[in-house]
Amino acid sequence: MKEPLPKAYDPKSIEQETYRFWEENGYFKAQTGSDKPPFCIVLPPPNITGALHMGHALTATVQDLLIRWRRMQGYTALWLPGTDHAGIATQMVVERQLQTEGTNRHELGREKFLERVWQWREQYGGRITEQHKRLGASLDWSVERFTMDDGLSRAVREAFVRLYHEEKIVRDNRLINWCVSCQTALSDVEVDRDKPEMSEMWSFAYPLVEGGEIVVATTRPETMLGDTAVVVHPDDKRYRKLIGKQIQHPFQNRTIPVVADEILADPELGTGAVKVTPAHDPNDFECGKRKELELIDIFDDNGVVNQNGAPFAGLDRFEARRRVKQALEEKGLFRGRKDHEYAPGRCLRCRTVVEPKLSLQWFVDTEEMSQLAIDAVKDGRTQFVPKHQEHRYFEWLEKKIPWCISRQLWWGHRIPAWYCADCGEITVTRKDPQACFNCGSFNIEQDPDVLDTWFSSALWPFSTLGWPQETALFKTFYPTSVLETGYDIITFWVSRMMMMGLKLVGEIPFGHVLLHPMIRDQDGNKMSKSRGNVIDPLDVIEGISLEDLLTKTRGYKLPDDEIERAVEYQQQHYPKGFPTCGTDALRFTLAAYTGQDQDIRFSVDRVEGYRKFCNKIWQAVLGFAMPHLTGLEATPGVPEPVTLGDRWILSRLAEVADKVNAHLGDFKVGEATSLLYHFFWDELCSWYIELLKPVFSGDQASAAAKTGRQVLRHVLEVSLRLMHPLMPMVTEVLWQQLPKPADAPPSIMLAAYPTADDGLADPAAQGRAARLMELISAVRTVRAEYDVAPSKAVALIVRSDDPALEPLIEENREMITALARVNDLTIDPAAAPRPNGCATAVIDQAELLVPLKGVIDVDAEKARLAKEQERAQKQFDLAEKKLNNEKFTSRAPEEVVQKERTKLEEARELLGKVASALDRLNEVV
RNA sequence: GGGCGGGUAGCUCAGUUGGGAGAGCGUCGGCCUUACAAGCCGGAUGUCGCAGGUUCAAGCCCUGUCCCGCCCACCA
């Protein structure tokens with residue numbers, strides 16, 4: 001880190017090197033066994049198949065800033081990284097790979113296939129964690145985890161066995177969601193409901209054995225092949241006498257009964273009669289249980305009609321629909337169709353319409369666990385931020401839906417259940433058994449299925465720390481402090497971690513759930529490859545040309561027309577590609593966006609703005625400060641201020657440090673970023689550094705100059721520490737450059753996070769500084785309005801009778817002359833004669849005259865003053881109106897009324913000054 | 001159908017014990033003033049979605065309403 005630094009900020013030249021410096025020195029490593037308070041965040045494990053996207057960048061930014069902040073505050077901070085094996089996703093990737101080799105997993109066999117998956121994982125599974133390093137993430141890589149690690153697999157086994165023996169996990173034949181494409185069962189949260197699409201409600205008649213008919217309506221006519229009843233409401237007069245009668249199935253040699261059921265049948269809907277297919281509809285299934293109806297499964301695992309669906313066996317379910325309708329029409333049973341909106345459930349991963357299907361699967365009984373999870377949030381042991389997101393959590397948990405956890409896949413944690421071929425008993429145990437626990441037979445076979453990926457994810461906050469063993473990590477860091485993630489996985493993940501943590505460990509897994517919004521493109525659309533609006537964080541960090549961007553897009557595995565569309569979008573929206581913005585700017589942007597409650601419309605322009613901020617910091621430290629600070633011996637503690645400027649900036653520093661800590665404590669990250677941005681740029685750079693310039697160009701040995709150097713060094717150094725959690729790279733590099741007391745740590749990461757004690761509160765100095773700034777700004781405005789170049793100095797006459805103003809101006813004469821570019825500053829009493837040809841500005845308790853001989857345009861000046869007059873008049877009128885209102889003066893608090901009186905007086909004075917200036921102008925003419 | 005969030009400058013968004021409407025980007029004018037033109041100085045810009053109400057006082061609280069986004073339910 002000792003190489004000469006470039007003159008201008010260049011993120012590429014510092015970032016990777018800085019990360020290496022931290023990593024090689026082990027600064028990310030959390031020490032257990034210290035007496036410091038613990039602070040722990042577990043990184044939501046990205047899928048090994050995933051590539052870093054903006055959502056990861058956002059999550060990493062927020063978590064890293066919390067971790068760095070707490071670490072600097074003196075906490076033992078652990079940020080634990082890891083990845084998820086992502087069952088279906090990974091298996092699909094490897095299966096596609098096999099396909100290109102002309103083989104498949106069945107040819108390969110289970111064992112060989114799993115070897116291939118592990119191989120794939122070795123090769124690509126670490127990509128995404130490497131990418132986190134580019135974000136500056138201070139993750140403790142020494143404790144990196146993977147959901148299929150031995151340790152985590154032991155935790156999975158432990159959880160399963162314990163829940164099984166408590167009968168919270170059961171094997172049962174139930175209706176589940178079956179994906180005919182992925183060939184596996186899915187849980188309810190893995191079924192996605194799209195916007196409803198136009199479909200039809202199709203009616204047909206079932207002929208009664210005794211003659212007559214009963215008409216039913218359905219969106220899925222093909223399921224009539226598996227119908228085992230028609231239900232009507234017991235009170236429905238139209239059908240009452242049909243209850244108990246038999247229907248002749250039109251295509252099959254069987255009859256089905258008309259049954260009364262007040263739950264499923266609603267006389268108000270449709271025809272009031274409902275066909276019941278217990279094996280292929282959740283409501284019908286429940287009805288079937290109530291009425292002990294026969295279950296007829298008419299589809300095989302591919303969604304093709306089986307022998308039960310004769311004579312339509314062999315047809316795909318959608319083809320079967322067409323043919324059943326056709327056949328019913330031919331038999332004269334068609335009774336009409338209506339347009340109908342219908343939203344079929346789709347497999348979250350492959351978009352195939354899921355088939356409700358009767359199947360023997362493993363389920364978690366969530367009744368008790370859900371309640372534990374609900375209670376923990378209701379009583380505040382775990383708090384959601386923002387709080388209103390709780391409703392998603394409660395809404396889902398309160399349904400207490402059994403969780404189908406078995407998946408018909410090979411990649412994942414295999415279910416630890418062995419079936420005995422001899423006695424039929426199930427053995428469920430922590431260690432693989434040699435024989436049946438019941439009969440001792442060796443003729444046992446393990447369940448071929450694996451567990452839902454989310455089962456292992458649900459254990460993440462404690463399995464990663466060593467549970468079920470009482471490891472030092474586990475004892476130190478459980479429960480973890482904050483769980484930070486997107487609101488979209490509250491049901492998938494947050495709820496289930498709460499359930500499992502409370503059930504298995506007996507304690508909440510985390511104290512706060514911090515939820516961030518989703519990242520969309522600048523128009524509010526979801527980012528998707530096929531749309532072409534995906535912004536890769538690494539492209540923003542490093543910059544990318546349009547050409548390279550398009551090359552990347554053309555490499556996507558997408559249909560040609562989608563690629564063309566994506567390319568077109570990018571040509572239109574990103575004609576110049578993306579500039580190099582750097583990690584710090586990206587992080588600052590993402591942090592600034594988190595104030596929002598709605599989804600983020602990500603704009604690269606904004607990142608570019610913050611890259612400029614990085615340059616501003618760079619220039620302030622290296623360009624301005626360092627030449628004045630070389631060889632400076634840094635005094636420890638807060639320097640004793642000499643000038644008003646010193647007092648003012650140190651006072652502001654105290655306020656800012658205080659507020660930033662408060663904001664971060666409240667998770668108000670956006671507030672903290674904006675505060676730091678404005679403090680550094682608008683106050684430190686635009687005012688304090690500017691007013692140091694005349695000090696530094698004068699006598700180097702003066703008290704003002706000597707203290708100025710110390711204050712400058714101090715304020716910059718504290719500011720860098722304040723900003724470090726947000727912009728870790730640039731702050732580290734610059735911090736290394738600044739002179740520091742001898743006991744300073746080797747990295748800014750290890751330095752203490754600033755508090756109000758790093759500044760010096762001085763409200764009086766702030767008030768006085770504000771008056772000077774007002775004065776200087778007023779002169780600048782006059783200059784700007786008359787287009788006086790900065791290189792040209794002007795004279796300034798301050799007319800005032802305020803006894804406080806004269807000493808203030810005298811003591812800070814240099815500041816005014818330098819910042820307002822004034823060469824001749826005089827202070828006159830308010831009644832002193834006015835010279836000709838002056839532009840006038842009016843401020844609180846003073847009139848400012850700027851002689852501009854020959855430049856003054858009387859009309860322009862009149863117009864200018866008229867505008868000021870108007871503004872003052874408005875203020876005056878407003879205050880007067882309020883004060884004339886008896887209700888206001890009697891009911892408003894005294895201080896508010898007093899404030900209004902002051903305002904009125906100020907406005908009155910302003911008006912007087914402006915009026916006299918106007919008079920003066922008129923005299924001249 | 002039920003619920004949640006949002007509607008503030010051209011754009012993206014801040015704005016809590018209710019008490020002078022803000023920032024960034026953009027825009028306009030002027031500046032190479034020796035850290036920074038990736039900069040500096042200055043200007044303009046608003047029926048705070050709409051309509052009521054409470055209050056001395058409403059962007060903020062209440063009621064109604066419209067629009068956008070999302071969640072849940074229903075969809076025989």
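Every chain is numbered from 1 and lettered A, B, ... according to where its sequence line falls, protein lines coming before strand lines.
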Gap in Å between the two P atoms, one belonging to B:rC67 and one to B:rG26, rounded:
35 Å
On RNA chain B, does the nearest nucleotide to A:Arg780 precede the nearest nucleotide to A:Thr271 from the 5' side, or the other way round? Give the residue.
A:Arg780
Is any side-chain N of the basic residue among A:Lys12 and A:Asp10 closer than 4.0 Å to the acidic one's carboxylate O?
no
Assigned partner base of B:rC4, Watson-Crick or wobble definition, under 3.5 Å:
B:rG69
Pair assignment for B:rC50, Watson-Crick or G-U wobble, requiring both distances under 3.5 Å:
B:rG64
For A:Ala793, does its backbone N or O pair with a side-chain atom of A:Arg783 as donor and acceptor, under 3.5 Å?
no
Check side chain to side chain donor-acceptor pair (under 3.5 Å) between A:Glu683 and all other residues, then give those that pass, not counting sequence neighbours.
A:Arg652
Looking for any heavy atom pair under 4.0 Å, which part of the strands does A:Tyr9 touch: base, sugar-phosphate only, or nothing?
base
In whole angstroms, how far is the P atom of B:rA57 from the NZ atom of A:Lys899?
18 Å
B:rA14 base / A:Lys668 side chain donor-acceptor hit below 3.5 Å
no
Look at all strands and tell whether A:Ala217 reaches a base, only sugar-phosphate, or nothing, counting heavy atoms closer than 4.0 Å.
sugar-phosphate
Rounding to the closest angstrom, what is the interatomic distance between B:rC31 and B:rC36 at atom C1'?
15 Å
Using the P atom as the point on both nucleotides, what is the distance between B:rA14 and B:rC75, in whole Å?
38 Å
Is there a side-chain contact between A:Met54 and A:Phe602 in this structure, where contact means two heavy atoms from C-beta onward sitting under 4.5 Å apart?
yes
Going by purine N1 to pyrimidine N3 plus the second Watson-Crick contact, or the G-U wobble pair, all under 3.5 Å, which nucleotide sits opposite B:rU12?
B:rA23
State whether the distance check finds a donor on one side and an acceptor on the other, under 3.5 Å, for side chain A:Gln619 versus base B:rG39.
no
Can you work out whether A:Ser603 or A:Trp687 has the more 5'-proximal nearest nucleotide on RNA chain B?
A:Ser603
